[in-house]
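Structure record follows, encoded as structure tokens.
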Number of protein chains: 2
Amino acid sequence: MATLADVARHAGVSTATASRIINGSSKPVADALRTRVLAAVAELKYVPNAHAQMLARSHRSAVGVIVHDVSDPYFAEITRGLQRVATADGRLVIICNSFREPDRELEYIDLLHAHQVAAIVIAGSGYLDDATAARLDDRLRAFEATGGRIAVIGRHEHTGDAVLPDNEQGGYLAGAHLFDLGHTEVAVIAGPSYLTTTFDRLKGLQRAARKYGCKLPKKRIIHADFTRDGGEDATARLLTEQPEVTAIAALNDSMAVGALAALRTAPDRRLAVIGFDDMPIARDVTPSLTSVRLPLTELGERAMTLALGAAGDAPRVEHVEAALIIRQSTWSL
Amino acid sequence: MATLADVARHAGVSTATASRIINGSSKPVADALRTRVLAAVAELKYVPNAHAQMLARSHRSAVGVIVHDVSDPYFAEITRGLQRVATADGRLVIICNSFREPDRELEYIDLLHAHQVAAIVIAGSGYLDDATAARLDDRLRAFEATGGRIAVIGRHEHTGDAVLPDNEQGGYLAGAHLFDLGHTEVAVIAGPSYLTTTFDRLKGLQRAARKYGCKLPKKRIIHADFTRDGGEDATARLLTEQPEVTAIAALNDSMAVGALAALRTAPDRRLAVIGFDDMPIARDVTPSLTSVRLPLTELGERAMTLALGAAGDAPRVEHVEAALIIRQSTWSL
DNA sequence: ACGGTCTAGGAAAGCGCTTACCTCAAGCGT
DNA sequence: ACGCTTGAGGTAAGCGCTTTCCTAGACCGT
């Protein structure tokens, strides 16, 4: 492992000069030396030790991202936005998958803190449970206390910079669309009940129900896990247990796709299905899926922009609207 | 930012003792001190500086991953496998998206090198162009020369540990299936021509054609970019320019899904379509997609296992087989 | 030719941590 | 009671780099 000292010795200069040349410091250096040092770098295949650099200039450059799971399309989309902005700013992005386990999340916060990241962006971990949320918040504050910046995507215990998708409004849009079409017996395939995302989308749905004078009783709300298979199972149960239902609102597209799959096995039943998030697949399933679009990439971009921006005096909160995308999976009764 | 020295001072011990207590060193320490130090850690919200640690114990622990794009389902799947193994081994994973730009890839190799990662895993960058491949190989060797480990997924210029999906055989399987069904006029929607993945899959297809005494002339091979929209465009062109074609082999599922979408706009044309990779969506499109399955997660797991294993005397190469999954998008003529 | 101002390059002090080595005192056997 | 082992804890030397001085020669005006 070649070190800066090796390079300097090889070129017959001091480490100070070598460092200045390699980092393109503003201090002028004779061309002869520059050439010699650069030659030494090439010959020794010198690569500076990033850890030593970080230590010496106490200058944070990397940023951390904590999401549920990058390979989940929802978070993949968000992550894409985060990356775009961070990379454009010349920063290394460290991505951590929390799998929605608070302990793992806690661990990653400390890990990123230890790695001296400039900022942490957290998406998809709005826990309704206060104790859990408080524990997380405590660690986040510790990070902030050392000058780190934090931005969250989605409602979160942590009060600070945030980008908030309007899940409640999205839920309302979904509900209103179904009720508008004349469906009165609507079932909801929800996500895990401990997530704020689930809670808010449900709230919007309930508001729409009230507005249209319809009911959305507890038994019509089935909690699944945001996965395709979860949606399929829930729909299968629904089909036999609550045959009066004519429309399904799935709280994300993966579950909606599962619902469509379950319906395909029961060709005699024709239910309307609406999804959430408007993932790319929504266009390609049959029938194509009506969905509530959230501009996920933009969500990521804005969050990272907040995180990299100057530390604010007051927490900045940005709201992002949801939009209804009507396709063929919903129709009037 | 609290440092170890602060903690030590606060607890009235030396930094050596504090360090030993915090890292749970094997050296015995009086319980009274341990308690005091731990209390100081909690009170000062001390988080060790990972960079300083890395520097002090010259012990590499993180691992790097370079893929085309994590949010592409193909790589998401591979990444999932990589992560599982690395995390189980208690390592931080740094993921880099190369977007198949050799320069970016080069940059990331050096960056990971600079960050002293223990190993680098590279997926999806088998470049056919020798000059590009050689440049990459040079940087990889520099990394290996410092004790770093490398594993590649897919055919690659770099000779070393590798996990090789049998793309040629997969191509053969796809071709044989179509020819078996009686299709003689087959078109191929290929990926970028500079990728070994494209090359190998095509080679298998050609072998099947020869075996069945069919032709697969150049004009039947359309190069797209592995995206859904690319597949849709290519199919649209095909439909008008080569109406005699009765079956399409897309070299990945995204493009196959695009092909299905294009076909949907031409209900009078009924072409068979086969995809590649067997992504989760394959089950959920209509008609469900016949595809050549590659166990992507396993690919990732095995590559990371190689990368973390003991440095071998000889390069280890593992082969992974492809399998045909027949669904409804292919039928006999 | 001389004092003074630049300027290119070097010496060395850390950045925060680990750890090999050292010290000092308590505890042991005889 | 003495020398010796043992064990708890401290001292300080780096890990590889950046950067702040500082030095010494070059160059200027007079």
Side-chain angles (χ1 to χ4, degrees), chain A residues 1-38 40-41 44-62 110-111 113-118 146-148, chain B residues 1-38 40-41 44-62 110-111 113-118 146-148:
Chain A
M1 185 85 215
T3 71
L4 185 65
D6 296 333
V7 172
R9 199 173 319 121
H10 209 79
V13 301
S14 72
T15 59
T17 306
S19 170
R20 290 198 267 255
I21 291 174
I22 290 170
N23 297 303
S25 128
S26 56
K27 239 191 163 179
V29 174
D31 279 348
L33 293 194
R34 164 165 289 110
T35 318
R36 259 158 52 205
V37 168
L38 261 21
V41 166
L44 300 178
K45 293 184 189 299
Y46 168 71
V47 176
N49 182 322
H51 298 299
Q53 285 185 317
M54 298 266 75
L55 198 56
R57 38 177 132 142
S58 321
H59 159 214
R60 300 148 163 239
S61 92
D110 279 351
L111 185 121
H113 183 162
H115 278 260
Q116 312 291 107
V117 296
T146 68
Chain B
M1 184 86 215
T3 71
L4 184 63
D6 296 332
V7 172
R9 198 173 322 118
H10 209 80
V13 301
S14 72
T15 60
T17 306
S19 170
R20 289 197 268 256
I21 291 173
I22 291 170
N23 297 302
S25 125
S26 57
K27 240 193 163 178
V29 176
D31 279 348
L33 293 193
R34 161 164 290 110
T35 317
R36 258 155 57 202
V37 169
L38 261 21
V41 166
L44 300 177
K45 293 186 190 300
Y46 168 71
V47 177
N49 182 322
H51 297 300
Q53 286 186 316
M54 297 266 74
L55 199 56
R57 41 176 170 212
S58 338
H59 159 214
R60 300 150 163 236
S61 91
D110 279 351
L111 185 125
H113 183 162
H115 278 260
Q116 312 291 107
V117 297
T146 68

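Labels below follow one simple rule: chain letters A, B, ... track the order of the sequence lines, proteins then strands, and each chain is numbered from 1.
In this structure, CG in A:Asn49 is found 9.5 Å from OG1 in A:Thr3, a value given to the nearest 0.5 Å. A distance of 4.5 Å separates CE in B:Met1 from CD in A:Gln116, rounded to the nearest 0.5 Å. Rounding to the nearest 0.5 Å gives a distance of 9.0 Å between OH of B:Tyr46 and CG of B:Asp6.
Contact annotation: A:Gln53 side-chain N/O to D:dG16 OP1/OP2 distance is not under 4.0 Å. Within the structure, every side-chain polar atom (N or O) of B:Ser14 is placed at least 4.0 Å from both OP1 and OP2 of D:dT11.
In this entry the distance linking CG of B:Leu55 with C1' of D:dG14 reads 9 Å, nearest Å. Rounding to whole angstrom units, CG of residue A:Leu33 and P of C:dT7 are separated by 17 Å. Regarding A:Leu4, its CG atom lies at a distance of 13 Å from the C1' atom of C:dG10, rounded to whole Å. Atoms NE2 (A:His51) and C1' (C:dG16) sit 14 Å apart, rounded to a whole Å. C:dG16 atom C1' lies 12 Å from atom CD1 of B:Ile22, rounded to whole Å. Following rounding to the nearest Å, B:His59 (NE2) and D:dG16 (P) show an atom-to-atom distance of 16 Å. Taking atom CZ of residue A:Arg36 and atom P of nucleotide C:dG9, one finds them 9 Å apart after rounding to whole Å. B:Asn49 places its CG atom 12 Å from the P atom of C:dC15, with the value rounded to the nearest Å.
Looking only at distances, a side-chain donor or acceptor of B:His51 sits under 3.5 Å from a matching main-chain atom of A:His115.
Among the candidates B:Thr15, B:Asn23, B:Ile21, the single residue satisfying the side chain to side chain contact (heavy atoms under 4.5 Å, CB included) test with B:Ser19 is B:Asn23.
Within 4.0 Å of B:Ser58, counting heavy atoms only, lies no atom of the nucleic acid at all. Counting non-hydrogen atoms under 4.0 angstrom, B:Ala30 reaches the backbone sugars and phosphates but no base.
Heavy-atom nearest nucleotides on DNA chain D were determined for B:Val29 and for B:Ala56, and the one closer to the 5' end corresponds to B:Val29. Residue B:Ala52 is the one, among B:Arg20 and B:Ala52, whose nearest nucleotide of DNA chain C lies closer to the 5' end (criterion: closest heavy atom).
Using modelled atom types, one finds a donor on one side chain and an acceptor on the other under 3.5 Å when comparing B:Arg60 with B:Thr146.
Between the side chain of B:Arg57 and the base of D:dG14, no donor-acceptor pair of N or O atoms lies under 3.5 Å. Residue A:Lys27 places a side-chain atom within donor-acceptor reach of the base of C:dG9, judged by atom type and a 3.5 Å distance cut-off alone.
With C:dG9, C:dT18, D:dT19 as the candidates, the nucleotide lying closest to the side chain of A:Ser19 is D:dT19.
Helix bend of the helix from C:dA1-D:dT30 to C:dT30-D:dA1: the angle between its two end axes, each built from five pairs, comes to 40° after rounding to 10°.
For residues 13-32 of chain A, the salt bridge (Lys or Arg N to Asp or Glu O under 4.0 Å) pairs, not counting sequence neighbours, are A:Asp31-A:Arg34.
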